[in-house]
Number of protein chains: 2
Amino acid sequence: MTGNRVLVVDDEPGLVTALSINLRVHGWEVGAATDGAQALDMAARWHPDVVLLDLGLPDMSGLDVIAGIRGWSHVPIVVLSARQHGEDKVDALDAGADDYVTKPFAMDELLARLRAAVRRAAPVDAADDAVVEAGDLTIDLARRRVHRSGAEVRLSPTEWAVLETLVRNRGRMVPRLQLLQEVWGPAYSNETGYLRVYTAQLRRKLEADAAHPRHIITQPGMGYIFET
Amino acid sequence: MTGNRVLVVDDEPGLVTALSINLRVHGWEVGAATDGAQALDMAARWHPDVVLLDLGLPDMSGLDVIAGIRGWSHVPIVVLSARQHGEDKVDALDAGADDYVTKPFAMDELLARLRAAVRRAAPVDAADDAVVEAGDLTIDLARRRVHRSGAEVRLSPTEWAVLETLVRNRGRMVPRLQLLQEVWGPAYSNETGYLRVYTAQLRRKLEADAAHPRHIITQPGMGYIFET
DNA sequence: CGGGACGTTGACGGTCCCTTGACGCCGTCG
DNA sequence: CGACGGCGTCAAGGGACCGTCAACGTCCCG
């Protein structure tokens with residue numbers, strides 16, 4: 001029901017390990033990054049439900065990491081910092097962070113803030129039904145399963161990511177840029193070839209007549225749209 | 001652009017006054033309540049963009065206030081509390097609060113957290129469709145779709161960009177220069193021929209009688225106007 | 001070690017769209 | 001009355017985009 005993937009970003013391996021153990025005990029799936037570049041890469045590829053970010057990173061400013069993620073994603077970001085005072089808080093929140101926790105912190109407060117951050121973000125995504133029907137297609141967004149005329153259709157992770165993005169925005173056009181960024185990450189904004197390949201594969205698996213699709217519709221020059 | 005109504009709930013009149021002055025200086029419209037019942041009443045009647053809530057109220061628990069608001073509204077709630085430690089934070093966040101600030105607090109941090117809370121909430125509300133009706137035309141600005149007498153009309157990217165600019169300024173004249181710059185960019189300020197071509201195409205697709213348009217009206221020598 | 005699934009590229013043909021120019025209409029002004 | 005400018009219309013060419021196919025490398029699992 002609740003999202004459970006947290007990306008921990010901290011340059012101190014000991015703290016990352018300690019946090020990971022604690023978070024896993026409380027049911028989180030944990031991913032880790034020790035510098036800003038890794039963090040951006042993980043955020044793009046792994047799609048965490050919340051990012052726990054230490055501002056003191058070796059390779060780039062924490063604010064740049066926030067900006068780098070906010071450029072294409074609305075995933076909640078909880079900032080973790082040793083500095084008790086100063087304008088860090090203000091800057092981080094204004095840069096797009098969702099919450100701020102100062103070291104030292106109580107574990108249960110951190111957990112509560114993570115839960116709150118995920119819960120706040122939830123309504124945006126979870127507003128739609130878990131199961132979407134479209135003609136002879138049945139798409140279960142929660143279970144990540146697709147059935148066509150009752151038979152299960154096997155989708156690769158990328159195929160599913162493309163379909164999920166389209167289905168969550170069903171009835172409305174999804175711009176190419178948004179699709180690329182949500183599935184492949186912000187560095188792939190120009191790889192329109194990917195979209196051609198994967199829409200074709202999805203049509204082959206899901207459409208009765210791939211040459212005349214009824215669900216995955218191209219809006220030339222703009223993007224794609226999923227029709228129920 | 002940003003929401004600007006904040007409801008301040010605190011039983012201490014002096015603090016309410018001080019906060020109100022500070023918030024007003026920074027552009028907020030401020031409403032005040034000094035107990036839980038007032039707070040719930042104000043929240044329901046006044047529809048603030050964010051609630052700043054002190055947990056220590058005379059008549060009811062702060063958690064009940066949170067629950068009372070959460071029962072019907074997703075307005076962001078920032079909790080304000082004197083207690084530095086304890087489980088207050090955890091309880092408040094789990095009850096549905098969005099953020100937590102402890103006294104004493106820095107004014108600029110509070111302002112940043114309020115801004116962050118409002119910004120987070122914005123997408124949920126802004127997701128409502130801007131659908132414009134004009135005669136037999138239905139233009140869905142969010143979904144990027146146009147229907148005429150119920151049938152979908154296919155528009156090219158440039159056609160859509162022109163129409164969108166006109167519709168977003170419906171009822172107002174859009175100068176040629178603005179139209180050219182918003183659709184083609186600032187380097188195309190003299191390409192008035194483009195406008196002639198695309199207004200003609202749009203009329204052919206959208207108007208019942210392209211020779212006597214009822215929606216896309218020319219203002220000779222100046223620009224175009226979209227009439228509903 | 002072998003095989004399959006998957007992601008990534010590149011090539012190619014077909015289609016659609018943007019751009020451009022020419023032309024006619026109409027109102028205005030000299 | 002004729003010239004002129006603004007506007008609408010049309011058509012054509014060239015380029016961008018899209019769908020399709022195939023090949024390659026990688027990773028994982030048997």
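The figures that follow rest on heavy atoms only: side chains count, while hydrogens, waters and symmetry mates do not.
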Under the side-chain hydrogen bond (donor to acceptor under 3.5 Å, both in side chains) rule, what pairs show up with a residue in residues 53-70 of chain A, not counting sequence neighbours? A/D54-A/K103, A/R70-A/D98
Of all residues at least two apart in sequence or in a different chain, which pass the side chain to side chain contact (heavy atoms under 4.5 Å, CB included) check with B/P220? B/T218
Please state how far atom CZ in A/R45 lies from atom P in C/dC6, giving the value in whole angstrom units. 17 Å
Within the side chain of A/R5, is there an N or O that forms a donor-acceptor pair under 3.5 Å with the backbone of A/W46? yes
Distance-minimising heavy-atom pair for A/P48 and A/V75: O-CG2, 3.3 Å
Between P of D/dT20 and CG of A/L195, the distance in whole Å: 14 Å
Do A/T199 side-chain atoms and A/L195 backbone N/O form a donor-acceptor pair below 3.5 Å? yes
Compare side-chain N and O positions of A/Y198 against OP1 and OP2 of C/dC6 and report whether any pair is under 4.0 Å apart. no
Between B/E159 (CD) and C/dC17 (P), how many Å, whole number? 7 Å
Does the protein touch nucleotides 25-30 of chain C at the base, only the backbone, or not at all? Give it as B, S and - per nucleotide, heavy atoms under 4.0 Å. ------
Give each protein N/O atom lying under 3.5 Å from an N/O atom of nucleotides 10-13 of chain C, with the pair distance.
none

With sequence neighbours left out, write down each residue that passes salt bridge (charged side-chain N to carboxylate O under 4.0 Å, His left out) with A/E207, or none if nothing qualifies. none
Rounded to whole Å, the OH-P distance (B/Y194 to C/dC17) equals 17 Å
Between C/dT20 (C1') and B/Y188 (OH): distance, integer Å: 13 Å
Main chain of A/Q38, side chain of A/D35: is a donor-acceptor contact present, judged purely on distance under 3.5 Å? yes
Residues pairing under side-chain hydrogen bond (donor to acceptor under 3.5 Å, both in side chains) where one sits in residues 178-192 of chain A, two or more places apart or in two chains, turn out to be A/R45-A/Y188, A/Q178-A/E182, A/Q181-A/S189
Counting only non-hydrogen atoms, which of residues 211-228 of chain A are less than 4.0 Å from DNA chain C? none
How long is the line joining CZ of B/R203 and P of D/dT9, in whole Å? 7 Å
Set of residues satisfying side chain to side chain contact (heavy atoms under 4.5 Å, CB included) with respect to B/A210, sequence neighbours excluded: B/R203
Rounded interatomic separation in angstrom, taking CZ from A/R204 and P from D/dT20: 7 Å
For DNA chain D, find the residues of residues 176-186 of chain A with a heavy-atom distance under 4.0 Å and give them by number; none if there aren't any. A/R176
Tell me the interatomic distance from A/E207, atom CD, to D/dT20, atom P, rounded to whole angstroms. 11 Å
Residues two or more places apart in sequence or in another chain: which of them pass ring pair (Phe, Tyr, Trp, His ring centres under 6.0 Å) with A/H47? none
Looking only at atom types and distance, does a side-chain atom of B/R148 sit under 3.5 Å from a main-chain N or O of B/K205, one as donor and one as acceptor? yes
Does A/A44 have any side chain to side chain contact (heavy atoms under 4.5 Å, CB included) partners at least two apart in sequence or in another chain, and if so, which? A/W72, A/P186
Is there a residue in residues 148-156 of chain A whose heavy atoms reach under 4.0 Å of DNA chain C, and which residues are they? A/R154, A/S156
Show the nearest heavy-atom pair for residues A/A95 and A/L63, with the distance to one decimal. CB-CD2, 4.1 Å
Flag yes if more than 12 heavy atoms outside B/M222 fall under 6.0 Å of its CE atom; otherwise flag no. no
Hey, does the side chain of B/R119 reach the backbone of A/L93 with a donor-acceptor pair shorter than 3.5 angstrom? yes
Shortest non-hydrogen contact from A/F226 toward A/L166: CB-O, 3.7 Å
